[in-house]
S.K.: 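First the structure, then my questions, so here it is.
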Amino acid sequence: MTSNERIQLVTRLIPAGCVASYGQIADLAGLPNAARQVSKALKADKDPETLPWHRVINAQGRISFPKDSAPYRLQMERLRVEGVIINNGKVDLRQFRWQPDMATLTLSIPF
DNA sequence: GCCGTGACTACAT
DNA sequence: GATGTAGCCACGG
């Protein structure tokens with residue numbers, strides 16, 4: 001199991017209506033301080049259709065695509081549909097940040 | 001094995 | 001807030 005696969009696995013665990021930061025995903029995948037690798041892993045995923053990449057945003061609660069770009073709008077739309085409120089282009093992390101329990105992680109992630 | 005890259009982050013202006 | 005800067009690290013060439 002490669003690092004990329006673990007990142008993708010963790011990402012697929014994020015429930016609808018929640019978001020997680022790149023750094024958070026990296027941590028959960030056992031790769032502290034590898035936030036930048038997360039972006040690459042998501043982009044490299046073999047089956048983007050089943051990957052909730054839109055639930056991954058940066059530590060400021062903002063979408064990391066250029067404002068008004070196609071992927072930016074798509075991500076924002078998907079989050080909105082799932083009930084995630086976006087004010088002035090940013091998500092209230094205190095309200096929507098994913099807080100995985102230990103059971104979920106230990107049962108789902110092969111280390 | 002070295003080097004450039006990036007959908008990042010934390011901290012300082 | 002809006003920049004700038006310096007770490008960060010797995011991956012591909």
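It should be emphasised that the depicted structure is a prediction, and the values quoted were computed from it without experimental measurement. Here is the naming used below: chain letters follow the sequence lines, and residue numbers restart at 1 for every chain.
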S.K.: Determine: side-chain N/O of A:S3 to OP1/OP2 of C:dA10, distance under 4.0 Å, yes or no.
M.R.: no
S.K.: Of all the nucleotides listed (C:dA10, B:dA7, B:dC8), which has the minimum atom distance to the side chain of A:N58?
M.R.: B:dC8
S.K.: Indicate if A:V10 and A:L105 have the same hydrophobic cluster label, given that clusters are the connected sets of ILVMFWY residues with side-chain heavy-atom separations under 4.5 angstrom.
M.R.: yes
S.K.: Do you reckon A:V19 sits in the same ILVMFWY cluster as A:V81, going by side-chain contacts under 4.5 Å, direct or chained?
M.R.: no
S.K.: Tell me: CG of A:D27 to C1' of B:dC8, nearest whole Å?
M.R.: 12 Å
S.K.: Do A:R12 and A:D45 meet the salt-bridge criterion of a basic N to acidic O distance under 4.0 Å?
M.R.: yes
S.K.: Any side-chain N or O of A:K40 less than 4.0 Å from the OP1 or OP2 oxygen of B:dG6?
M.R.: no
S.K.: Could you check how far NZ of A:K43 sits from P of C:dG12, rounded to whole Å?
M.R.: 12 Å
S.K.: Can you tell which of B:dA7, C:dC11, C:dC8 lies closest to the side chain of A:S39?
M.R.: B:dA7
S.K.: Any donor-acceptor pair under 3.5 Å linking the side chain of A:T50 with the backbone of A:D47?
M.R.: yes
S.K.: Taking CD1 from A:I7 and C1' from C:dA10, how many angstroms apart are they, rounded to a whole number?
M.R.: 8 Å
S.K.: A:L31 side chain: which of C:dC8, C:dA10, B:dC8 is closest?
M.R.: C:dA10
S.K.: Using a cut-off of less than 4.0 Å, is there contact between a side-chain N or O of A:K90 and OP1 or OP2 of C:dG1?
M.R.: yes
S.K.: Rounded to the nearest Å, what distance is computed from the CG atom of residue A:N4 to the C1' atom of nucleotide B:dG6?
M.R.: 13 Å
S.K.: Figure out the CZ/C1' separation between A:F65 and B:dG6, and round it to whole Å.
M.R.: 12 Å
S.K.: From NZ of A:K67 over to C1' of C:dA2, roughly how many Å is that when rounded to an integer?
M.R.: 15 Å
S.K.: Taking the side chain as everything from C-beta on, heavy atoms only, tell me whether A:Y22 gets closer than 4.5 Å to A:R36.
M.R.: no
S.K.: Let me know the distance between CD of A:Q37 and P of C:dG12, rounded to the nearest Å.
M.R.: 8 Å
S.K.: In whole Å, what is the span from the CZ atom of A:R62 to the P atom of C:dT3?
M.R.: 12 Å
S.K.: Counting the atoms with a prime plus P, OP1 and OP2 as sugar-phosphate, which does A:P32 contact under 4.0 Å by heavy atoms, base, sugar-phosphate, or nothing?
M.R.: sugar-phosphate
